[in-house]
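Here is the naming used below: chain letters follow the sequence lines, and residue numbers restart at 1 for every chain.
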Amino acid sequence: MTDKLLRVEELYTRFDTDRGTVHAVDGASFTVDRGEIVGVLGESGSGKSVTARSICRLEEPGKIGNGTIMFDGTDLTTASKSTLRQIRGNEISMVFQDPTETLNPVFPVGEQIAEAVRIHEANSRQRLLDFLGVPLFRDQSAWADARDRAVELMDQMDIPNPESRLSAFPHEFSGGLRQRAVLAIALASDPKLLIADEPTTALDTTTQADILQRLRSLRDERDVGILLISHDLGVVAQTCDRVVVLYGGQVMEAGPVNEVLTAPEHPYTRMLLECSVRNSTPGERVQSVSGTPSDPIGSYEACPFADRCRHATTACRERYIPTTELDSEHRLACLEAPLPADDASAHRQDALTPDGGKQDDST
Amino acid sequence: MIHQLEAPSLVHPLGTDQLGRDVLTRLLHGSRLSLGIAVIVTTVRLVIGTAVGLVAGYAGGWIDEALMRLVDTLLAFPGIVLALVIAGILGPSLVNVMLALAVVGWASYARLVRSSVLSLREREFVTAARLLGRSRTHVTVRHLIPNIAAPVVVLATLDIGGVILGISGLSFLGLGAQPPTPEWGTMLASGRTYIRQAWWLVNAPGVCIMITVLGFNILGDCLRDRLSPAQSNQIEKL
Amino acid sequence: MTQRERKSNELQSRTPVIELQNVSKTFSEEQSVFDRLWSGDSAAEAICNVSMAVNSGETVGLVGESGCGKSTLAKLLTGQLTPNEGHVRLDGTRVGGIKDRSPSQCRQIGVVFQHVRESFDPRWPVNRSLTEALNDAETVSEGGTNFNEVDGLLRSVELSPEIADRYPRELSGGQLQRVALARALAHDPDVIVLDEPVSGLDMATQATILNLLADVQRRFGVGYVFISHDLDVVRYLADRVAVMYAGEIVEEGPARKLFEHPNHPYTDSLLRAIPSIDPGDAPPNSLQGDPPDLTDRPTGCPFHPRCPAATAECAEHQPNFETIGNIRVQCFHAPHAIKGSSDN
């Protein structure tokens, strides 16, 4: 248990605003191990992106109030700036939602990948002039090596004709290719942990499937731990091993994907499954829950979901909700559990996929 | 002619000039003229510039091309030199200087308005209004002008300072207000002769011009921050 | 379901509210000098010989990858763009772009834009935006805010009338989406074009908006053109679906039939790419390759370079529409191109 790759415990991140303090992450705990994909599922404002940024210690202008982030034996909440830079550069990589924003439009993609390779090279101190790319002072052989490695990385990401695409600019790439290039940059340092913040939200479903497949093979082949942040149930269901359901900065339910998404125990998880259009028949109404996420100002002394929950009692609104362990993996923060088995799974219907054609790589 | 060139005292806080007139009184009186002219010139610039910018931005095509080449030409000359030439041709008088400064300075307004219109025209709320069957006039008056007002007003406040300097400069050169009109630039010019005997004659209007220009610049900066942070960078680009 | 199908059959016989007839749209003439310098003299064929019709009271879903021409098609319907070839007909009359449409013709089509927040004047409170949409073009006057009508509109989209004084920046995404729908309803259109109306919303909000759209349609009998890349949403809401690829409609038909038994390999690929929310299901299949460069279209069927069922014939000739029941599909091999579609 102690050698998990990443162990986040009782993490609190807050933002001080004019209107008061926003507790974006409010005591979240979870772990990510090598070779597993952990999904963080939540709506906008649930604190999922802030959680990811806090792990990289990019939480500014927020502040980490409490908690520990143990990464491979180092506590990132207390680590020095140089240690953090070292870890960020070499051991944790991050991929963001919009590949167009991540890539610099004025440099060729190959150059950007090669640059990432050079930055991550362990024991080379770049000279300033080389760093600035001044032609005569460039370390030609090192750049040539980096470029070879870039071709290799592009090839691994199945970017067609990597040699000829080295000098192509981001705008000459399609959305899917761009995200693959971003993945190549993220992988240049051979990271142990990859944090992917909505990596496929800006992409078409057809290319989304491809990127998700790539994440799965990273897990299987390179033993990378992946934290996948998404609001899409399908993405989480098809990619992750375990899932953490966030609401109001707190972990509502966490556990193996095939338990949490097939037999959800928390009313919030159930709501998410119910109001998915997939589970609705045309002509019938989509199940929906009234109300919006509660005001993020101020800390929750109660269940953040209580106002929208149909099982809520007065106790839910009044006191701190303890986390109960259903088994060693499956955790739950709800006073009313176990709930009557009323819905969710009963509604499920296998629609849409024209046939049940199985693929072999589903591990 | 008793009080010629008296040094500042309690009776004449800023002294008197070569004709024995109180400098403070003339400064205060001149401020009406200098500020008034500056406001008028800036307003004329703003109106011409906004009109040209709106037409260019909204009409597009060859009209846009023609107007923008004219703007480019104007911007390519140093404004004050061009104004000098125009005022020189028209002959020295306050009205001619105002005319010259107005003609020279509207180009940057036209630039700003045109680029704002071009980006606003692509905004979906403008499209939405067009899809409701609204006329161009409606879209321009109701949507475009209110949305470009903020950056244009900020530009105008920053511009007023420049106009005051321009008028003073041209008056200093003898092209603008003619003595005995109490205009700051003219006062500066006529005081120059006595700079060795009476420093206050030059310094008083000089400091006045400086403070006013500075004040308008600060006002412009504040307005820029206040009105709309999102639109402020458009002005910085100019 | 039979009731739904009967409904769409019934609608077919009437004159459609808006109809595209063999419409093509290329982008080249509208380029500025600068653009032409960049991209040479190539013309991108964004829409290629497309015909479709929308009736009031029905929902037509438009699906396809990004860049397939969905949004261009929507702009042709609303008049933001004019076709290079073919006609757009409103109630049977030929119309051009917004400039050539009368205000009342403009008002027959409502629009809900993809970026809702962008589509409201940031300096206008909600009631002013709604009033602009309510009043006829000629009678607009600032004093003429009809508060009853604005209230009524807000109520019809399940918003409280208090919202009328707020500015767009003060509203949440879901609220703004409702206001956008209210604005589209204000001028009593026959068809509303909805461009990705739920894509930026949370699941719970998305569900309530979908319910609202269904309610509004039942109540006002308005037709929808529903553009989305989310096939689940389209399956839920649409009566008919048109699948677009490279500016062409490759398959069109009743939603339920089309989703259960896709005839075009592209439709099939789109459906297979959706990740199932049941972890036990097979992972989604990606579609290899990229959509074609519209300035350099492949010969024959535009999908053939990516198509698993492509033959030499596909590369040479452009297939014509084939009708299977009330589905029309542009493929030489339909419906046999998709292996296993009959298993289900």
(message) Looking at every non-hydrogen atom in both residues, tell me the closest pair between C/D121 and B/R142 and how far apart they are.
(response) OD2-O, 4.1 Å

(request) Identify the two heavy atoms, one from C/F113 and one from B/E124, that lie closest to each other, and give their separation to 0.1 Å. (result) CB-OE1, 3.2 Å

(request) Taking all non-hydrogen atoms of both residues into account, name the closest pair between C/R183 and B/A128 and its distance. (result) NH2-CB, 3.7 Å

(request) Please tell me if the side chains of B/L131 and C/I109 come closer than 4.5 Å, counting only heavy atoms from C-beta onward. (result) no

(request) Would you indicate whether the side-chain heavy atoms of C/P103 and B/L132 approach each other to under 4.5 Å? (result) no

(request) Heavy atoms only: give me the nearest C/F120-B/F125 pair and the separation to one decimal. (result) C-CB, 3.4 Å

(message) Salt bridge or not between C/E118 and B/R123? Use side-chain N to carboxylate O under 4.0 Å.
(response) yes

(request) Can you tell which part of C/H115 gets under 4.5 Å to a heavy atom of chain B, answering side chain, backbone, both or neither? (result) both

(message) If you define the side chain from C-beta out and look only at heavy atoms, does anything of C/K99 sit under 4.5 Å from B/R130?
(response) yes

(request) Determine the minimum heavy-atom distance between C/A133 and B/R134, stating which atoms define it. (result) N-NH2, 4.4 Å

